[in-house]
Amino acid sequence: MQALLEQHIKEALNSLHQVNLENVEFQATRKEFEGDVTVVIFPMLRQVKTNPVALGEAIGSYLVENVDVVERFNVVKGFLNLVINDTFFLQQFKEIKDDAHFGFVKSTEESPSIMVEYSSPNTNKPLHLGHVRNNLLGYAVAEILKAAGNTVFKTQIINDRGIHICKSMLAWQKYGNGETPQTTGLKGDKLVGNYYVKFDQEYKAQVAELQKHGKTEDDAKVEAPLLLEAKKMLLQWEAGDEEVVSLWKKMNQWVYDGFEITYKNLGVDFDKNYYESDTYLLGKEVVQEGLEKDVFFKKEDGSVWIDLTEEGLDEKIVLRSDGTAVYMTQDIGTAIQRVKDYAINGLVYTVGNEQDYHFKVLFLILKKLGYEWANHLYHLSYGMVDLPSGKMKSREGTVVDADELMQEMTKTAQTISEDLGKLEGYTQDEKEELYETIGLGALKYYILKVDPRKRILFNPEESVDFQGNTGPFIQYTYARIQSILRKANFDYGQDVVDYTLDPKEKEVMKQLQLFPEVIQQAATQHSPALIANYTYDLVKEFNSFYQNVSILGTDVEIEKVFRVQLAKTVAQTLKNAFGLLGIQVPERM
RNA sequence: GGUUGCAUAGCUCAGUUGGAUAGAGCACCUGCCUUCUAAGCAGGCGGUCCCAGGUUCGAAUCCUGGUGCAAUCACCA
């Protein structure tokens with residue numbers, strides 16, 4: 001449509017002023033003026049020396065005369081507002097309503113293939129609010145990339161080895177008395193997490209004790225027997241000590257069982273899991289190759305580094321002097337492995353912004369190693385979720401637990417639903433499912449609607465809203481439309497061609513038309529927030545229509561048909577958009 | 001100290017090719033359920049777009065400098 005107008009505007013300028021216009025600037029017409037599309041005249045003044053209002057009038061007249069879809073126009077200052085006729089809108093709408101996945105681009109053989117990494121938990125503690133943001137973002141971005149026409153694989157790398165795991169293991173061995181998830185009734189990840197906290201408590205006590213006996217704080221921290229034991233355990237693990245490895249396997253399995261439940265409740269999934277215990281040695285070979293290619297250099301003590309001073313960064317270590325791998329080594333190896341496994345040409349890492357530097361370096365290294373795909377790596381960096389009391393720390397138990405949070409939200413949804421009492425006829429199971437849909441909808445929307453880069457301050461005391469710009473508000477609109485559709489017991493399948501649009505109807509249609517563009521934008525910017533805010537705008541327009549225009553109450557048959565179609569299309573779009581965010585929509589609420 | 005990100009109404013946030021009088025929600029105040037679900041709609045109140053310069057016909061948006069907050073700059077992951 002803009003392309004069509006652009007062409008005619010260029011023609012207009014050519015015939016009026018003998019000027020070849022390079023570009024035409026459009027924007028949506030502001031509500032307070034009449035019109036559907038606005039042409040900004042100002043930029044043209046560079047090429048045509050004249051009064052903007054006069055030029056606008058001239059172009060407007062030309063368009064009305066020569067272009068069918070332009071019905072009228074008005075000029076305000078340098079803005080040419082065009083009124084597009086109803087026939088055009090109705091034609092567009094026909095395409096939207098008949099397309100169950102309007103706005104989605106199907107991926108093909110030639111589509112870019114992208115892997116999205118998210119979640120990537122440690123196996124020594126349960127998931128908390130920070131992971132929730134990570135999971136929601138990663139999942140949503142994966143879905144959005146898919147909808148924008150990419151082939152997408154979802155993955156996580158499970159951080160299942162290292163000193164932190166040994167801490168939980170050791171504490172369980174020492175103080176656990178053989179407790180298991182079965183004997184305690186605790187979720188496995190919770191049980192293991194408790195021992196991580198336990199370790200920290202005992203460790204701190206030992207440090208304090210040592211300090212009492214004259215040690216400095218730094219010495220005490222290094223010499224505490226518990227820490228020494230944990231380190232020893234890590235060495236035993238690396239050496240393949242049978243007892244340690246079997247304990248490790250047992251406790252990790254507990255954690256995986258726990259995670260599975262959390263993921264399921266959260267509604268996220270993965271196509272492939274990578275385990276750090278498998279990949280942590282992967283990068284070493286590559287480092288060797290890099291040494292030969294002089295991408296890396298070796299210091300006298302044997303450690304291997306890369307010099308990034310030319311790029312304005314520092315030197316960075318990629319292999320320890322004892323030959324063992326660091327975080328970076330592993331990430332280099334894992335990236336290469338993934339490209340081999342899936343023939344992908346891009347990777348999205350959903351990781352908090354505290355690791356901005358790490359990923360900057362990682363991407364640079366891969367580029368220097370000469371991998372073409374290194375140009376398509378993206379760090380989806382998001383702000384931390386902080387509590388009013390400050391940062392969340394698992395060790396100190398000051399976290400908002402993911403499972404408890406979801407439960408809390410579901411409970412709140414239940415309370416509100418029961419107060420409103422609109423669910424007569426629903427079975428207990430149906431009700432519970434609905435509470436979950438609404439509670440999680442509120443939580444997910446709350447987190448996803450803000451720009452990923454911004455940090456979120458989460459106050460558990462003030463519950464997440466269920467009114468206004470929230471998930472439930474949008475779900476409610478969907479449910480209301482479903483209610484209308486249940487009552488619309490007549491055939492509304494025919495195409496509406498000859499019809500005069502109500503202004504409210506037109507606004508809703510304009511909003512619907514934006515969806516494909518919003519998906520593409522959300523994909524390029526890796527921002528689910530754009531989808532969330534789009535659904536809100538759409539719902540606002542629809543509700544205004546709903547409250548001001550009767551859908552089923554009109555006597556005019558064609559009005560009824562068209563309005564039901566419009567409502568249905570809005571519902572469909574909402575469902576699809578929320579699907580991208582991993583949020584479900586209810587039939588009633 | 002260097003680097004990166006953020007700063008918009010009392011609070012939470014939109015505002016992305018630079019455009020018209022900077023928009024929503026929450027909170028507070030009005031009105032609207034004998035008609036399709038009031039988790040809604042219509043309206044009111046509320047602004048030094050962190051500050052100072054610059055570019056431009058035009059700046060919340062771009063540039064420079066500063067202030068504040070956060071993260072980061074490990075042979076931890």
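Chain A is the first sequence line, chain B the second, and so forth, proteins listed ahead of strands; every chain is numbered from 1.
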Say you pick atom P in B:rC51 and the same atom in B:rA59; how far apart are they, in whole Å? 15 Å
Taking any strand in view, what nucleotide pairs with B:rU37 in a Watson-Crick or G-U wobble way, both distances under 3.5 Å? none
Expressed as a whole number of Å, how far does the C1' atom of B:rG23 sit from that of B:rG15? 7 Å
Distance, C1' atom - from B:rA24 to B:rG40, rounded to whole angstrom: 16 Å
Atom NZ of A:Lys232 with >12 non-hydrogen neighbours under 6.0 angstrom: no
Identity of whatever pairs with B:rU48 - Watson-Crick or G-U, under 3.5 angstrom: none
How many whole angstroms separate atom CG of A:Leu313 from atom P of B:rU4? 10 Å
Taking atom P in both B:rU8 and B:rU48, compute the distance separating them and give it to the nearest angstrom. 12 Å
Would you call A:Tyr546 stacked on B:rG40, i.e. ring centres under 5.5 Å apart with the planes less than 30° off parallel? no
A:Lys454 side-chain proximity, nearest of B:rC41, B:rA7, B:rC36: B:rA7
Are the aromatic ring centres of A:Tyr349 and A:Tyr378 under 6.0 angstrom apart? no
Taking the six-membered ring for Trp, are A:His131 and A:His128 parallel (under 30°), tilted (30 to 60°) or perpendicular (over 60°)? tilted
Kindly say if A:Asn543 contacts the phosphate of B:rC41, meaning a side-chain N or O under 4.0 Å from OP1 or OP2. yes
Pick the P atom in B:rG46 and in B:rC29, then give their distance to the nearest Å. 16 Å
Assign A:Asn81 to base, sugar-phosphate, or nothing according to its heavy-atom contacts below 4.0 angstrom with the strands shown. base
Whole Å only: how far is the OH atom of A:Tyr445 from the C1' atom of B:rA14? 10 Å
Indicate, with a heavy-atom threshold strictly under 4.0 Å, whether A:Lys487 touches base, sugar-phosphate, or nothing. sugar-phosphate
Does A:Lys560 put a side-chain nitrogen or oxygen below 4.0 Å from OP1 or OP2 of B:rC36? no
Do the side chains of A:Lys360 and A:Asp356 get close enough for a salt bridge, i.e. N-O under 4.0 angstrom? no
For A:Ser417, answer base if it contacts any base atom (sugar-phosphate contacts may also be present), sugar-phosphate if it contacts only those atoms, and nothing otherwise; contact means non-hydrogen atoms under 4.0 Å. base
Expressed in angstrom and rounded to an integer, what is the separation of A:Asp537 atom CG from B:rG23 atom C1'? 10 Å
Name every residue in residues 23-38 of chain A that has at least one heavy atom under 4.0 Å from any atom of RNA chain B, in order of residue number, or write none if there are no such residues. A:Glu25, A:Phe26, A:Gln27, A:Arg30, A:Phe33, A:Thr38
Please work out if A:Val351 contacts a base, only the sugar-phosphate, or nothing of the nucleic acid, heavy-atom cut-off 4.0 Å. nothing
In whole angstroms, the gap separating P of B:rC41 from CD1 of A:Ile551 amounts to 14 Å
I'd like to know if A:Gln525 reaches the base of B:rU16 with its side chain, counting only an N/O donor and acceptor under 3.5 Å. yes
P gap between B:rU16 and B:rC11, integer Å: 22 Å
Under the rule for ring pair (Phe, Tyr, Trp, His ring centres under 6.0 Å), what residues qualify as partners of A:Tyr476, not counting sequence neighbours? none
Distance-only donor-acceptor check, side chains A:Thr38 and A:Asn81, under 3.5 Å: yes
Of the listed nucleotides (B:rC57, B:rA20, B:rG19), which one gets closest to any side-chain atom of A:Pro43? B:rG19
For the C1' atoms, the ones on B:rU61 and on B:rA70, what distance do you get once it is rounded to whole angstrom? 23 Å
State which residue, out of A:Phe73, A:Phe33, A:Phe42, fulfils the ring pair (Phe, Tyr, Trp, His ring centres under 6.0 Å) condition with A:Phe79. A:Phe42
Can you tell me, in whole Å, how much space there is between the C1' of B:rC13 and that of B:rU72? 27 Å
Over all strands shown, is A:Leu45 touching base, sugar-phosphate only, or nothing at heavy-atom distances under 4.0 angstrom? nothing
Taking a pair to mean Watson-Crick or G-U wobble geometry with both distances below 3.5 Å, B:rA60 pairs with none
Given atom CE of A:Met44 and atom C1' of B:rG19, what is their separation to the nearest angstrom? 13 Å
By the Watson-Crick or G-U definition, both distances under 3.5 Å, B:rG68 is matched with B:rC6
Rounded to the Å, how far apart are A:Tyr476 OH and B:rC36 P? 11 Å
Atom CZ of A:Phe79 and atom C1' of B:rG18 are separated, to the nearest Å, by 11 Å
Given atom CE of A:Met589 and atom C1' of B:rA39, what is their separation to the nearest angstrom? 5 Å
So, do A:Phe466 and B:rA39 meet the stacking rule of ring centres under 5.5 Å and planes under 30°? no
Under 6.0 Å between ring centres: does that hold for A:Phe562 and A:Tyr492? no
Per the glycosidic torsion and the 90° limit around 0, nucleotide B:rC26 is anti
Does the pair A:Tyr426 and A:Glu432 meet the rule for a side chain to side chain donor-acceptor pair (under 3.5 Å), with working shown? CA-CA 10 Å; A:Tyr426 257 35; A:Glu432 265 159 33; over 6 Å; no
Pair A:Phe542 and A:Phe545, ring centroids less than 6.0 Å apart: yes
For B:rC11, what is the paired nucleotide under Watson-Crick or G-U wobble rules, both distances under 3.5 Å? B:rG25
